[in-house]
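Everything below concerns the one structure shown next.
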Amino acid sequence: MKIARTVAEVRAARATLGRLGFVPTMGALHDGHMSLMAAARDGCDAVAASIFVNPTQFGPNEDLSRYPRPIEADIARLEAAGVEMLFLPTVDIVYPHGFDTRIEVGAIANRLEGAVRPGHFSGVATVVNKLFNIVAPDVAWFGQKDVQQTRVILQMVRDLDLPVEIRIGATLREADGLALSSRNVYLSAGDRAEAVALYRGLAAAEAAWAGGEARTATLRSLIATEIATTGGVVDYISIADGDTLEELDAVPDAGAVMSLAVRYGTTRLIDNLVLAPRAAR
Ligand code: PAF
């Protein structure tokens, strides 16, 4: 695997790679990331990854300084997966002295995560745009776990005519349902046991939808009830249109996406589940 640390090194390596699938990450790689690396080979000649803990997407009181950075283990996993190139820049390479441009995506970036974490999606969009310009992938892969991030990036790619196809990989879960996340390592044993309530709540609401319930107030309260059995503090519970993420009063036959953010101690977890379209009645 070629490890490229500068823009020039990436461009030289990229020129030899043919049709390229790309998985941008912040490292602390888990099986969810690795499933994206495997998927990214589909229809491509080579796979590139990036590892960059992007400071501009963290708020002042968030976990930038303690974000896990097990770089040797990450490199070994990427090598074992046969990834052809890793872009591993420092902050100075991505944001050199004098850097002063931000990408601002509109409404979809300001609700849910965007409302609780002001500036987060501007940081994500800015760095993803830069990574696309540097790596020049044909296809880029993102995880469904960060559903709003996928929608923000789709909006940016559409609006700016970026020549990259966006693909989304399914959320991977622990046996008990907890979504894989680099932040799960922060959880104490007690919080880890309780955190499965996110998935239990989503699954309860999904079962109610499958049983005919479409009122989002009812579905939301099923999720809230599960969280309330634990010490989790809810930031939001959303049942929204799958494309625009606008809140719904009732789930239409076309389905919806349920998402939530819950804090356990100092650890903030997000998860989501898609309510599948109802078969035509
Ligand atoms: O999902 C992530 O890991 C990050 O938000 C991303 C897309 C790599 C941008 O920093």
Side-chain angles (χ1 to χ4, degrees), residues 7 22-28 33 50-69 87-135 140-162 164 166 168 179 181-184 186 198 232-238 240-241 243-247 257 259-272:
V7 176
F22 176 47
V23 186
T25 81
M26 299 204 302
H33 293 113
S50 61
I51 296 179
F52 178 61
V53 182
N54 173 36
T56 66
Q57 69 188 74
F58 289 77
N61 300 317
E62 295 185 6
D63 55 343
L64 174 62
S65 60
R66 70 172 182 142
Y67 197 84
R69 291 166 170 86
F87 181 32
L88 186 59
T90 58
V91 173
D92 290 353
I93 293 290
V94 177
Y95 301 117
H97 180 70
F99 181 92
D100 198 20
T101 297
R102 296 281 289 212
I103 303 280
E104 291 289 348
V105 179
I108 200 158
N110 293 321
R111 46 183 72 115
L112 304 174
E113 287 296 292
V116 183
R117 307 178 66 190
H120 169 66
F121 285 121
S122 171
V124 169
T126 303
V127 80
V128 168
N129 199 303
K130 281 206 70 150
L131 291 169
F132 285 177
N133 286 331
I134 295 167
V135 176
W141 284 80
F142 295 86
Q144 167 69 16
K145 157 106 181 347
D146 295 296
V147 61
Q148 190 176 4
Q149 172 170 278
T150 68
R151 301 311 190 262
V152 167
I153 288 164
L154 283 165
Q155 178 89 43
M156 173 180 76
V157 164
R158 259 197 321 272
D159 289 353
L160 300 182
D161 300 305
L162 302 182
V164 183
I166 303 301
I168 297 167
S181 164
S182 304
R183 290 185 164 103
N184 289 351
Y186 299 151
L198 277 78
V233 177
V234 172
D235 270 354
Y236 62 81
I237 298 173
S238 160
D241 178 88
D243 294 324
T244 65
L245 300 185
E246 278 175 288
E247 292 302 315
V257 59
S259 63
L260 77 169
V262 181
R263 281 174 285 129
Y264 285 92
T266 55
T267 307
R268 189 168 178 281
L269 300 176
I270 60 173
D271 200 356
N272 68 84

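For the single chain, residues carry numbers from 1 onward in sequence order. Atom set for the values below is all heavy atoms of this structure, side chains included, hydrogens, waters and symmetry mates excluded.
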Which atom pair, heavy atoms only, marks the closest approach of Phe58 to Leu64?
CD2-N, 3.4 Å
Carefully, step by step, assess Ile51 and Phe87 under the rule side-chain contact (heavy atoms from CB on, under 4.5 Å).
CA-CA 6 Å; Ile51 296 179; Phe87 181 32; over 6 Å; no
Heavy-atom check, side chain of Leu245 versus side chain of Leu112, under 4.5 Å
yes
Do Gln57 and Phe121 make a side-chain contact, defined as non-hydrogen atoms from C-beta onward lying under 4.5 Å apart?
no
Please name the pair of heavy atoms, one in Tyr264 and one in Val262, separated by the smallest distance, quoted to 0.1 Å.
CE1-CG1, 3.6 Å
If you compare all heavy atoms of Arg102 against all heavy atoms of Gly119, which two are closest, and at what distance to 0.1 Å?
NH2-O, 3.4 Å
Sole residue of Arg117, Arg263, Arg69, Arg183 in salt bridge (charged side-chain N to carboxylate O under 4.0 Å, His left out) with Asp63:
Arg183
Could you report the tightest heavy-atom contact between Gly27 and Ser182, atom names first, then the distance?
O-OG, 3.5 Å
Could you tell me whether the side chain of Val152 reaches within less than 4.5 Å of the side chain of Thr150, counting heavy atoms only?
no
Which residue is it: Ile168, Asp146, Asp241, Ile166? I am looking for the one with a side-chain contact (heavy atoms from CB on, under 4.5 Å) to Arg151.
Ile168
To check you understand the geometry: which heavy-atom pair defines the closest contact between Phe142 and Ala140, and what is its length?
CE1-CB, 3.9 Å
So do Lys145 and Ser181 actually touch side chain to side chain, heavy atoms under 4.5 Å?
yes
Taking C-beta and beyond as the side chain, do Thr244 and Glu246 meet within less than 4.5 Å on heavy atoms?
yes
Taking C-beta and beyond as the side chain, do Tyr236 and Glu113 meet within less than 4.5 Å on heavy atoms?
yes
Output side-chain donor-acceptor pairs under 3.5 Å for residues 123-130, partner residues at least two apart or in another chain, one line each.
unit_1, atom_1, unit_2, atom_2, d
Thr126, OG1, Ile103, N, 2.9
Thr126, OG1, Ser122, O, 2.6
Asn129, OD1, Asn133, ND2, 3.1
Lys130, NZ, Val94, O, 2.7

For Ser238 and Glu247, does a side-chain donor sit closer than 3.5 Å to a side-chain acceptor?
yes
Is there side-chain contact between Val105 and Ile108, with at least one heavy-atom pair below 4.5 Å?
yes
Before accepting this row, confirm whether a basic side-chain N of the pair Arg268/Asp235 lies closer than 4.0 Å to the acidic partner's carboxylate O.
yes
Give the minimum heavy-atom separation between Ala28 and His33, together with the two atoms involved.
O-CE1, 3.7 Å
Derivation and outcome, side-chain contact (heavy atoms from CB on, under 4.5 Å), residues Leu198 and Leu260
CA-CA 8 Å; Leu198 277 78; Leu260 77 169; 4.0 Å; yes
Side chains of Asp271 and Leu269, heavy atoms from C-beta outward: is any pair under 4.5 Å?
no
Thr56 and Asn54: side-chain donor and acceptor closer than 3.5 Å?
yes
Hey, what's the ring geometry for Phe52 with Tyr95, parallel, tilted or perpendicular (30° and 60° as the breaks)?
tilted
